[in-house]
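A short write-up of the structure that comes next.
Because only heavy atoms are used, hydrogens play no part in the values below, and waters and symmetry mates are left out as well, while side chains stay in.
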2 protein chains.
Amino acid sequence: MSSQPRYFQQYPHADMDELADLIAELVQNPITIEDSDHKLIAYSSHGDSTDPARWSTIMGRRVPEKVLTRLWKDGVFQELLTQDDPVHIPAKEDIGLGKRVAIAIKRSNDVLGYIWAQEVNRPLTSEDDEILRQAAKAAVSRLIQRQGKRKAEEQRRTEFLWELLLGNHSSEAAIRQKAENLQMQMPATYLICIVEAAGARLDQYLYPLLMRDKLYWVVDGAQIILLIGRSDAKKDEWDGLVKKVEQFLADSLSKLVTHASEGKVIAGYGRAYSGGYAQIVKSYKEALHAVKVKKLFPRETEGIHGYHQLGIYRYLLQLKKWEEEEGYHNERLDKLKQYDRDNQTAMLETLETFLDAAGKMNVTAQLLHVHTNTLGYRLRRIEEIMGIDLENMNQRAALYLELKMAKINREQ
Amino acid sequence: MSSQPRYFQQYPHADMDELADLIAELVQNPITIEDSDHKLIAYSSHGDSTDPARWSTIMGRRVPEKVLTRLWKDGVFQELLTQDDPVHIPAKEDIGLGKRVAIAIKRSNDVLGYIWAQEVNRPLTSEDDEILRQAAKAAVSRLIQRQGKRKAEEQRRTEFLWELLLGNHSSEAAIRQKAENLQMQMPATYLICIVEAAGARLDQYLYPLLMRDKLYWVVDGAQIILLIGRSDAKKDEWDGLVKKVEQFLADSLSKLVTHASEGKVIAGYGRAYSGGYAQIVKSYKEALHAVKVKKLFPRETEGIHGYHQLGIYRYLLQLKKWEEEEGYHNERLDKLKQYDRDNQTAMLETLETFLDAAGKMNVTAQLLHVHTNTLGYRLRRIEEIMGIDLENMNQRAALYLELKMAKINREQ
DNA sequence: AGTTCGTTTGTGAATATACACAAAATGCGG
DNA sequence: CCGCATTTTGTGTATATTCACAAACGAACT
């Protein structure tokens, strides 16, 4: 440990460009330093041997999207975010990226930036890794101020997103203007997605995914609210976007269930809209509705996340409200409940299972662990007690709705 | 014809009591004259041989309810209302009614009252029938004035009913007071029933039934609106009342379909309420809703009349309204419609039939006149095209609702 | 203890459904 | 006209459903 030389102690006042040059000299390879948003901060000046990726980064003062996307996809950033050590990255010729080594510049868990060492003049050894480790440490103090600015900008972005979500905006033009000022690229087609997990720091766990898909998000208590979109306005953008969200959720939820308490992770998303950001409010409300319904009917809505997939549950809360306003009360269900109480039976459970199983006898019987004939008998009794006809689709559907409605209060 | 003597021409100025005595003298039997509401107008004075029914009628100045109910049930009044001739009525000992002959006093088709001849001193012959015929004619002019009063009272009753139906009433106490003033016996439990027939004079055709069940009613265009109730406040009054209404409708509709154009007779009724007449408004609205839905879905709601039996159709109009407010549009259904247009197929019809048949393959196939395997193939295609799973009850029910909702506009 | 009632399970036969596979029939464009 | 894809119908088999009927079970009542 202490036998290692302290490479950067003798240059305490070097600025970032000087630091880049210093590292480059030590590892004898071109160096690039970026902030956490992959904007170029500094780069070593001498070597002329470089690759298209570095060239583009310097010319555009930011790492090209193509490269970033690929590195997120390949899990490079995921590694960088979780490790304190340099990561060796093989060449990816198709995006003009030569072999290189990278390390994240971190303060505790916050990523302030990255140092990239291209591996072109000579291979980088474990000694060079140590150099990069120390360089990353040396860069921290110099990046903190910059980080402060970034935080302020993020704060403004968050506020802007809240405005969009709650509909506190003046005009479509004003929204576009504000987005441009904040350097936010608003997608042509978008939707709002909500992920809720009880005891987990959502933004931390999801950070890699959020960066990979370049999402805008705000955290609200146990919920993280995401604006997910696509800029390319294809014909069937709707389906594409839904697939993207489902993919994102599959990734997120599999990641979260390991961290958060089991079964406490809920996700929902609203419909996709395009043309005009005023609709964000609607998509947000729909996403909230989806989450609310999923809490009320966890079993029934298992595997469903989208508002458009909710089926009857999309109507249920409103219908329930309407029933209450109208003073309508279903006596038939009460009769069955009363029968269950009087006779210690499980007719209601039988009925619900039967309806949930779409009227399939064998499925229902198996779920209830009873003989098929028992089920047949019970259903006949239920028809007698309630005075209904389960063969009739209208009555069956109405009963299904009423049954689920009746569960709302009980299960809350 | 002209050979018949004119029994009453020589007494043009006799009042009703004198007329009763005159008839009694001619037929040598006790005579009672009532108005159309069975209130006593006059009765012959001499004979002391009489039966409990006549005795009660004179003492109460009205025919006892028990007797009226029985005569309506036995179809006696139905005969009296349709015939211009006297009707011979066998004795009904159980209600204290001896053998007698009755005739309706009519002006064109309006019944002004009745003349009853008890058959106790001697049997009544066909000559007596002619006497009664002439007596009924002679009574007409004397009853017209009384009829005028009755009409005015009926007018006030009608206005009062409209007030109740539309909710233009001040307080429960005021309602009771007004009902008492109008001599209306308001039932403890009641509901509103509507019968609609395109080209029929409803009140005329239904008159016997209306009288039999002692209903209050108003006519509104092609609709007749009925207040149906029961005074006896038993425990399960609800079911009893519903049975009464269903019986009434069975009788009414079978009578009306012969008169009105086929399939144009619609009936609906609201829920039963008790305690407080303010609820009449609700029952009326529910009855209107039932009629509206039955017009939109004649096939689906065949045999259903009660609001409480509407099943999903009770929600459908409301749901449709919400969908429109939300700007929600079901693309899946559109996809299927488009497919039908593109390929000259009948997937939508297949789906609807399948859902209506509660998912029974053989029933559906028979209804569509196709092979079972054809149906299986189509359903598989439908699942592919719409991207749904027909085994899933949630999706099936939601689809059912959306399908019926989509029909509302089209079939209006 | 025996009886009654509602419930559960069993048996068997007729009918319905699910699935795979094959053969017609249909309709459309080359 | 043919080839091609889609749709419809037919065949066969395993499995499910429906129905009638009977036996067994358990809780409540007398």
Side-chain angles (χ1 to χ4, degrees), chain A residues 331-397 399-400 403, chain B residues 236 332-397 399-400 403:
Chain A
E331 314 173 38
R332 284 191 283 252
L333 270 181
D334 284 347
K335 275 188 185 166
L336 202 63
K337 282 182 199 168
Q338 189 57 48
Y339 188 89
D340 273 353
R341 270 193 296 275
D342 291 350
N343 303 58
Q344 307 273 52
T345 49
M347 294 300 187
L348 193 74
E349 190 199 356
T350 304
L351 178 60
E352 188 178 359
T353 312
F354 177 73
L355 290 175
D356 279 336
K360 305 219 160 190
M361 298 286 285
N362 57 340
V363 176
T364 313
Q366 274 184 328
L367 285 170
L368 292 170
H369 308 292
V370 294
H371 194 276
T372 320
N373 286 0
T374 306
L375 177 60
Y377 171 77
R378 284 191 192 168
L379 292 174
R380 212 179 323 126
R381 288 296 282 117
I382 289 171
E383 285 184 329
E384 285 168 18
I385 296 162
M386 304 183 76
I388 53 159
D389 173 19
L390 286 172
E391 305 287 276
N392 182 318
M393 182 58 177
N394 180 17
Q395 300 202 34
R396 198 189 272 192
L399 205 55
Y400 184 58
L403 203 61
Chain B
D236 52 353
R332 283 193 284 252
L333 270 181
D334 285 346
K335 273 188 186 167
L336 202 62
K337 283 182 198 168
Q338 189 58 49
Y339 187 87
D340 273 353
R341 271 194 296 275
D342 291 350
N343 302 57
Q344 308 273 53
T345 49
M347 294 301 186
L348 193 74
E349 190 199 356
T350 304
L351 178 60
E352 189 179 358
T353 312
F354 177 74
L355 291 175
D356 279 337
K360 305 216 158 190
M361 297 286 286
N362 55 342
V363 175
T364 313
Q366 273 184 328
L367 284 171
L368 292 170
H369 308 293
V370 294
H371 194 276
T372 319
N373 287 0
T374 306
L375 177 61
Y377 171 75
R378 284 191 192 168
L379 291 175
R380 214 180 320 127
R381 289 294 284 119
I382 289 171
E383 285 185 329
E384 285 167 19
I385 295 162
M386 304 184 77
I388 52 159
D389 173 18
L390 286 172
E391 305 288 275
N392 182 319
M393 182 59 176
N394 180 16
Q395 301 202 34
R396 196 188 273 191
L399 205 54
Y400 183 58
L403 204 60

What's touching nucleotides 27-30 of chain D from the protein side, N or O pairs under 3.5 Å?
none

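Atom CG of L379(B) sits about 7.5 Å away from atom OG1 of T364(B), to the nearest 0.5 Å. From L399(B), atom CG reaches atom CG of L351(B) across 5.0 Å, with rounding to the nearest 0.5 Å. Summarising the geometry, atom CE belonging to M347(A) is positioned 7.0 Å from atom CG belonging to D340(A); distances are rounded to the nearest 0.5 Å. The CG atom of L367(B) lies 9.5 Å from the CD atom of E349(B); values are rounded to the nearest 0.5 Å. Once rounded to the nearest 0.5 Å, the distance linking CG of L333(A) with CD1 of I388(A) reads 8.5 Å. Distance check: R396(A) CZ to N394(A) CG gives 12.0 Å after rounding to the nearest 0.5 Å.
One interatomic measurement links the two molecules: OH of Y339(B) to P of dG27(C), which rounds to 14 Å at whole-angstrom precision. Separating the CD atom of E391(A) from the C1' atom of dT17(D) is a distance of 10 Å, rounded to the nearest angstrom. Rounding to whole angstrom units, CZ of residue F354(B) and P of dT17(C) are separated by 9 Å. Taking atom CG on D342(B) and atom C1' on dT6(D), their separation rounds to 13 Å, with Å as the unit. Separating the CE atom of M361(A) from the P atom of dT8(C) is a distance of 13 Å, rounded to the nearest angstrom. Put simply, CG on D340(B) is 10 Å from P on dT7(D), counting in whole angstrom units.
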Before you tell me yes or no, could you show the steps for E384(A) and R381(A) under salt bridge (Lys or Arg N to Asp or Glu O under 4.0 Å), namely the whole-Å CA-CA distance, both residues' side-chain angles and the distance that decides it to 0.1 Å? CA-CA 5 Å; E384(A) 285 168 18; R381(A) 288 296 282 117; 2.8 Å; yes
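Between A358(A) and E391(B), the closest heavy-atom pair is CB-O, 3.2 Å.
At a non-hydrogen distance threshold of 4.0 Å, V370(A), H371(A), N373(A), T374(A), Y377(A), R378(A), R381(A) from residues 364-382 of chain A come into contact with DNA chain C.
Contact annotation: K360(B) does not reach the phosphate of dA18(C) (side-chain N/O to OP1 or OP2, under 4.0 Å). Residue N362(B) has a polar side-chain atom (N or O) positioned under 4.0 Å from OP1 or OP2 of dT17(C).
At distances below 3.5 Å, not a single donor-acceptor pair connects side-chain atoms of E352(A) with backbone N or O atoms of L403(A).
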